[in-house]
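Inspection log for the structure reproduced underneath, given as structure tokens.
Quick note: numbers below take in every heavy atom, side chains included, and nothing from hydrogens, waters or symmetry partners. Sequence lines set the chain letters: A, B, ... in the order given, protein chains first and strands last, and positions in each chain run from 1.
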2 protein chains.
Amino acid sequence: MIMKDNLELLKSYQLKITPQRIAIVEELASHGHLSIEDLYQGLLERFPTISLATVYKNINAMEEKEFVQEVKIPEQKSKYELTKAHHAHVVCQECKKVEDVVVSTKTILDEVKDVSHYRINRDDLIFTGLCPECVVKQSA
Amino acid sequence: MIMKDNLELLKSYQLKITPQRIAIVEELASHGHLSIEDLYQGLLERFPTISLATVYKNINAMEEKEFVQEVKIPEQKSKYELTKAHHAHVVCQECKKVEDVVVSTKTILDEVKDVSHYRINRDDLIFTGLCPECVVKQSA
DNA sequence: TGGATAGAAGATAATTATTTTCCTTTAAGT
DNA sequence: ACTTAAAGGAAAATAATTATCTTCTATCCA
Ligand SMILES: [Mn+2]
Ligand SMILES: [Mn+2]
Ligand SMILES: [Zn+2]
Ligand SMILES: [Zn+2]
């Protein structure tokens with residue numbers, strides 16, 4: 001179920017509201033981090049005639065407007081998610097799931113600025129390992 | 001000029017030593033972070049007949065053996081670098097340069113483990129912003 | 001130090017991934 | 001409802017990556 005928030009947001013980002021776009025937002029809202037192929041497969045069930053190009057075009061348009069963001073993950077295809085409060089990611093190398101994690105970045109940011117002399121205005125932090133479920137499976 | 005260290009290393013990773021591979025290592029050793037296309041263009045000057053497939057095959061083989069590593073950067077094609085002591089990256093959004101930066105990750109790692117309950121064994125940290133040169137150019 | 005041989009290079013074809021084109025359909029404003 | 005700019009779908013065009021096959025060569029060993 002799509003909350004009007006997202007519809008409003010689509011509008012506010014000057015993205016014309018179409019059934020396909022609503023479905024994309026719903027998929028992203030409910031599943032979190034999806035690849036182009038994931039999205040396509042998900043949408044196919046609701047729109048048997050949807051074109052893969054439509055998925056690409058929409059994701060690109062939404063990215064352009066910063067309504068969605070790409071997440072590049074080691075050893076995996078890029079995932080896309082609705083833009084939200086800035087956060088880092090944890091990835092399970094076993095079951096491949098991707099989750100958000102909110103951590104304080106001030107300390108490391110200060111150190112990076114200090115060491116590099118760069119003016120930093122964005123960070124992309126990916127932590128890879130084993131999720132709790134896969135940890136127990138592994139020790140079993 | 002290639003230092004025998006790298007040749008030894010190539011050997012120790014069971015990678016047969018060929019002129020093309022030596023050149024790839026030299027390129028990476030001297031330029032740091034290169035895309036497939038960067039590498040191909042660089043090698044073309046020394047090996048006018050080299051095939052793009054050779055670059056792909058070699059980089060894949062070297063990645064397989066963990067002799068080189070892929071670095072995924074937002075808004076850019078993947079870069080490759082010789083594997084070395086673990087480090088983070090700063091990227092200039094203006095001139096696109098990529099540099100290594102060594103920072104302490106203990107604090108943030110502990111927090112990520114604490115918040116996510118994941119067992120973390122790898123981190124990929126990319127900080128994007130303006131390099132010192134581009135900062136001055138921009139304020140000029 | 002000359003084969004023998006596994007593996008690499010090069011050329012090219014085949015796949016796979018992504019973008020673009022072109023025409024039809026539709027959302028959104030009037 | 002009418003108009004129009006934009007979106008969808010199908011297919012073609014590009015780009016990126018991998019596979020195949022033949023020729024070449026680095027490495028091993030007698
Ligand atoms: Mn996320
Ligand atoms: Mn690096
Ligand atoms: Zn898992
Ligand atoms: Zn710069």
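Residue Thr18(A) places no side-chain N or O under 4.0 Å from the OP1 or OP2 atom of dA27(C). For dG10(C), one of the phosphate oxygens OP1 or OP2 lies less than 4.0 angstrom from a side-chain nitrogen or oxygen of Thr54(B). A close approach under 4.0 Å does not occur between any side-chain nitrogen or oxygen of Lys16(A) and OP1 or OP2 of dG29(C). Side-chain nitrogen and oxygen atoms of Asn60(B) include at least one within less than 4.0 Å of the OP1 or OP2 phosphate oxygen of dT18(D). Taking 4.0 angstrom as the limit, Tyr56(A) places a side-chain polar atom (N or O) nearer than this to OP1 or OP2 of dT18(C). Look at Asn58(A) and you won't find any side-chain N or O under 4.0 angstrom from OP1 or OP2 of dA7(D).
Of the candidates dT18(D), dG8(D), dG10(C), the closest approach to any side-chain atom of Thr49(B) belongs to dG10(C). Listed nucleotides dA26(D), dA16(D), dA17(C) differ in distance to Pro19(B); the shortest reach to its side chain belongs to dA26(D). Comparing dA9(C), dG8(D), dT18(C) against the side chain of Arg21(A) picks out dG8(D) as the nearest. Nearest nucleotide to the Ile17(B) side chain, out of dA11(C), dT17(D), dA26(D): dA26(D). For Lys57(B), taking side-chain heavy atoms from C-beta onward, the closest of the listed nucleotides dG10(C), dT19(C), dA10(D) is dG10(C).
Contacts of Lys11(B) with the nucleic acid, taken as non-hydrogen atoms under 4.0 Å apart, are absent. Residue Ile36(B) is classed as having no contact, given no heavy-atom separation below 4.0 Å to the nucleic acid. No contact: Ala61(B) has no heavy atom under 4.0 Å from any strand.
The pair Glu133(B)-Lys97(B) meets the salt-bridge criterion, since a charged nitrogen lies less than 4.0 angstrom from a carboxylate oxygen.
Side chains of Glu70(B) and Ser78(B): a donor on one and an acceptor on the other come within 3.5 Å.
For the side chain to side chain contact (heavy atoms under 4.5 Å, CB included) with Glu81(B), the qualifying choice from Val71(B), Val68(B), Leu28(B) is Val71(B), the only one to do so. Checked against Asn58(A) for a side-chain hydrogen bond (donor to acceptor under 3.5 Å, both in side chains), the options Glu63(A), Gln20(A), Arg21(A) give a single hit: Arg21(A).
As a whole-Å value, the separation of Leu52(A) CG from dT18(C) P is 8 Å. Between the CD atom of Glu64(A) and the C1' atom of dA7(D) there is a distance of 16 Å, given to the nearest Å. For Glu63(A) and dT18(C), the CD to P distance is 12 Å, given to the nearest whole Å. Separating the CD atom of Gln20(B) from the C1' atom of dA9(C) is a distance of 6 Å, rounded to the nearest angstrom. Nucleotide dG9(D) holds its P atom 13 Å from the CZ atom of Arg46(A), rounded to whole Å. At whole-Å resolution of the value, CG in Leu10(B) and C1' in dA8(C) are 13 Å apart. Rounded to whole Å, atom P of dA11(C) lies 11 Å from atom CG of Leu44(B). To the nearest angstrom, C1' of dT26(C) lies 13 Å from CZ of Phe47(A).
By the 30° and 60° cut-offs, the orientation of the rings of His33(A) relative to His89(A) is perpendicular.
Taking 4.5 Å as the limit, every side-chain heavy atom of Glu99(B) sits out of range of all side-chain heavy atoms of Ser116(A).
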